[in-house]
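Predicted model, so just to flag it, every value in this text is computed and none were measured.
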Amino acid sequence: MVGSSSERVTIVGGGAAGAECAARLRMADFAGEITILSADVHPPYELPSLSKGYLSGASGYDEVLLRPVSAYTEHDIDLQLNTRVKSIDTARHEVRLDDGRVLSYSKLVLATGGRPRPLLVPGAADSAHVFYLRTLNDADRLRSVITPTSSIAVIGGGYLGLEVASVARSMGAAVTVLEGLPRLLSRVTSPPVSEFFARLHRTEGVDLRLEAKVERIEDTPDGRVTIHLGDDAPIRADLVFASIGLLPSVQLGIAAGLEAENGIRVDEYGQTSVPDVYAAGDCTSHPDAQDGGFRRLESLPNAMETAATVAASIVGNPAPYVAVPWFWSEQYDVKLQTVGVYKQGDDAVVRGDERSGEPFSVFYLRGGEVRAADVISSPRDFAAAKTLVARRVAASAADLADRRVPLKALLRATAAVPSA
Amino acid sequence: MTSTSCNPERGTDVPKVTLHYPNGEVRTLSVDNGQSVMKAATANMVPGIIGECGGELTCATCHVFVEPEWLDRLPGQEQEEVDMLDLTSEEPTECSRLSCQIVMSPDLDGLVVRLPKTQR
Ligand SMILES: Cc1cc2nc3c(=O)[nH]c(=O)nc-3n(C[C@H](O)[C@H](O)[C@H](O)COP(=O)(O)OP(=O)(O)OC[C@H]3O[C@@H](n4cnc5c(N)ncnc54)[C@H](O)[C@@H]3O)c2cc1C
Ligand code: FES
């Protein structure tokens with residue numbers, strides 16, 4: 001057993017990060033009390049399914065739960081749902097809840113995630129037809145309005161918007177995607193990948209509008225909604241799905257005096273600027289082990305690994321968080337797997353033909369080293385890409401682009417470097 | 001309750017899987033029929049199987065070595081799983097499977113797997 005039984009870890013947030021932190025503590029034989037305080041009404045669930053299998057109906061409620069609710073009781077984890085933390089007193093080691101209760105802690109973990117960035121154009125806040133997606137209840141609401149006969153306008157061409165577009169389109173709904181910038185996914189990937197997804201959605205029958213200027217949203221008396229688009233003709237739809245980014249939930253931490261900038265600042269061990277307070281998941285800004293500085297990531301692997309890092313620190317077995325980020329997305333029957341973080345200015349090397357409809361990969365060279373990759377429907381290439389990126393292998397664009405040169409051969413050329 | 005099975009583990013409602021850890025530790029895991037070994041491991045908070053992608057065949061952090069006598073009895077492997085085995089942290093062998101793809105059925109009651117030293 002680790003930790004005295006009088007220790008009390010209080011975790012704010014019942015998402016993947018909060019749940020994983022609790023589980024990791026128990027797996028490390030932590031003997032103290034563990035409490036998860038979650039504003040959500042559902043036990044911790046998998047967010048990725050909400051825009052994929054759960055939205056399409058392929059997976060049900062039990063499948064999206066990370067664990068059955070009984071698992072928490074069995075492992076003596078006090079999971080308090082529908083419970084919101086209002087404030088933290090770090091000097092007294094106390095949290096105050098919405099319902100007036102005050103709980104003490106010896107270690108506090110903030111895993112508060114974030115909420116969708118609201119659409120601020122006139123009419124959006126008052127519209128009855130604007131939907132967002134972050135929680136299971138959001139997914140249920142969205143599922144109830146997307147039907148084979150409905151028309152849906154997706155605002156924001158990021159992964160979330162495109163996944164919802166793909167599920168809605170696959171159900172038969174009429175889908176328009178409105179992206180303000182000249183290409184899809186422009187913050188996260190290179191032009192060849194953006195163009196691939198644009199073609200994919202158009203082939204599937206999505207009306208994709210780039211450089212769309214959404215100016216105003218108007219509910220109409222017939223129960224539908226009109227999206228006014230600057231100079232272009234307005235669009236009529238049954239609903240608007242807005243996916244224009246995430247606002248990390250940092251207010252609670254900031255009010256308690258924690259350092260924060262685009263996320264609650266943590267060191268490589270998940271420790272915040274205040275003793276006995278840790279943070280994990282989407283709400284954190286952590287040291288970027290690959291490129292220096294700080295970064296905030298929104299991905300399930302990051303939520304789980306930062307949570308594992310915090311748990312290890314709490315049980316006195318600290319190990320720095322240095323993992324290379326990775327992510328995936330599914331649209332129609334295409335699976336994208338990404339490793340590393342693409343940066344503007346990277347040299348994008350396409351392996352395969354992004355126009356052929358066949359699997360292909362794009363490798364990103366920075367300073368002659370492979371620093372990131374987007375792999376389309378090719379798990380085997382992804383396996384190699386993950387290692388190439390983790391080892392920052394120096395490779396020529398010509399070799400990477402040449403499918404006759406096996407990726408594994410490029411790895412072998414650097415076999416002397418130990419793997420991560 | 002009467003049971004016609006010679007195996008004391010058999011005949012009970014929930015099939016069991018035995019996990020052997022690299023340090024010699026042995027644990028028994030209950031896996032519901034229709035549930036994957038990965039899901040059962042994470043639900044029961046047993047260490048050694050991470051399941052970072054929730055069973056989407058994307059992470060290979062659910063790698064196990066299946067005891068040879070069980071290999072043939074397991075459901076077949078999809079190409080995607082074979083490809084993903086390239087991604088495991090510990091070198092895969094012919095006995096390697098991704099445990100999110102091992103879905104429990106009454107036939108698999110008593111399955112024995114060994115866990116790798118690392119999953120990532
Ligand atoms: C629809 C969707 C699809 C996604 N798809 C993918 C994917 O394919 N691959 C991938 O890698 N990532 C994906 N992601 C991202 C990934 O799921 C998230 O990065 C990850 O789940 C974040 O987990 P978290 O625990 O940090 O945050 P959250 O899951 O947001 O959890 C935060 C928790 O904190 C609670 N909370 C907040 N404030 C308080 C308070 N004051 N008091 C009490 N509780 C509070 C909330 O109720 C919630 O339970 C997706 C995300 C979404 C929304
Ligand atoms: S859980 Fe990710 S591949 Fe099995």
Side-chain angles (χ1 to χ4, degrees), chain A residues 16 19-20 22-29 45-49 52-53 59 62-72 74-75 77 299-305 308 323-324 326-330 335-339 359 377-387 390 407-408 419-420, chain B residues 14 19 21 23 25 27-63 77-92 96 98 100-101 103-104 115-120:
Chain A
E20 184 70 7
R24 289 294 181 133
L25 285 168
R26 282 294 180 244
M27 287 185 204
D29 292 331
Y45 45 84
E46 282 167 22
L47 293 191
S49 300
K52 305 179 183 74
S59 17
D62 289 344
E63 285 158 278
V64 298
L65 293 188
L66 286 166
R67 304 180 165 80
V69 72
S70 58
Y72 301 92
E74 278 161 23
H75 290 86
I77 293 167
S299 79
L300 188 61
N302 175 66
M304 292 183 62
E305 293 193 30
V324 178
W326 69 274
F327 181 82
W328 79 96
S329 174
E330 287 162 29
K335 182 187 256 183
L336 165 96
Q337 292 167 299
T338 289
V339 56
S377 300
S378 177
R380 180 148 280 171
D381 273 8
F382 183 61
K386 244 183 149 174
T387 318
L407 291 173
K408 284 202 156 174
S419 85
Chain B
V14 184
L19 309 175
Y21 286 82
N23 66 359
E25 196 186 332
R27 295 193 188 209
T28 306
L29 178 67
S30 301
V31 189
D32 291 332
N33 285 316
Q35 190 184 35
S36 76
V37 173
M38 180 282 287
K39 259 286 191 197
T42 53
N44 288 291
M45 297 182 206
V46 301
I49 292 176
I50 299 175
E52 214 159 59
C53 73
E56 294 292 325
L57 267 184
T58 294
C59 69
T61 63
C62 60
H63 180 203
Q77 257 170 315
E78 283 178 37
Q79 187 56 39
E80 206 175 341
E81 181 185 344
V82 178
D83 289 347
M84 282 305 293
L85 280 169
D86 262 10
L87 206 66
T88 54
S89 170
E90 192 165 314
E91 258 327 281
S96 288
L98 294 177
C100 64
Q101 304 302 307
V103 175
M104 208 20 102
L115 294 176
K117 287 189 205 70
T118 62
Q119 288 285 15
R120 63 182 172 214

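Ranked by heavy-atom pairs under 4.5 Å with chain A, the first of B:Ala43, B:Gly55, B:Ala60, B:Ala40 is B:Ala43. Among the candidates A:Arg26, A:Gln337, A:Glu74, the residue making the largest number of heavy-atom pairs closer than 4.5 Å to chain B is A:Gln337.
Atom-to-atom distance recorded for A:Met304:CE and B:Ile50:CD1 is 7.0 Å, nearest 0.5 angstrom. Put simply, CZ on A:Phe382 and CG on B:Asp83 are 13.0 Å apart, with the number rounded to the nearest 0.5 Å. Note that SG of B:Cys59 is 7.0 Å distant from NZ of A:Lys386, once rounded to the nearest 0.5 Å. Of the inter-residue distances, the one linking B:Asn44 atom CG with A:Arg67 atom CZ reads 9.5 Å to the nearest 0.5 angstrom. With rounding to the nearest 0.5 Å, the separation of CD in A:Glu20 from CE in B:Met45 is 9.5 Å.
Heavy atoms of other residues, nucleotides or ligands lying less than 6.0 angstrom from CD of B:Gln79 number more than 12. Within 6.0 Å of CD on B:Glu78 lie no more than 12 heavy atoms contributed by other residues, nucleotides or ligands.
When heavy atoms are compared at a cutoff of 4.5 Å, A:Ala308 approaches chain B solely by way of its side chain, counted from C-beta outward. Heavy atoms of A:Pro48 lying under 4.5 Å from chain B are absent altogether. Within the 4.5 angstrom heavy-atom criterion, atoms from both the backbone and the side chain of A:Glu305 approach chain B. Looking at A:Ile77, only its side chain comes within 4.5 Å of chain B, counting heavy atoms on both sides. Contact of B:Val46 with chain A is made through the backbone alone, with heavy-atom distances under 4.5 Å. At a 4.5 Å heavy-atom cutoff, the contact between B:Leu57 and chain A is made by backbone and side-chain atoms alike.
Taking a cutoff of 4.0 Å between a charged side-chain nitrogen and a carboxylate oxygen, A:Lys335 and B:Glu56 do not qualify as a salt bridge.
Of all heavy-atom pairs spanning B:Asp86 and A:Arg380, the tightest one is OD2-NE, 3.2 Å. Of all heavy-atom pairs spanning A:Leu66 and B:Thr42, the tightest one is O-OG1, 4.5 Å.
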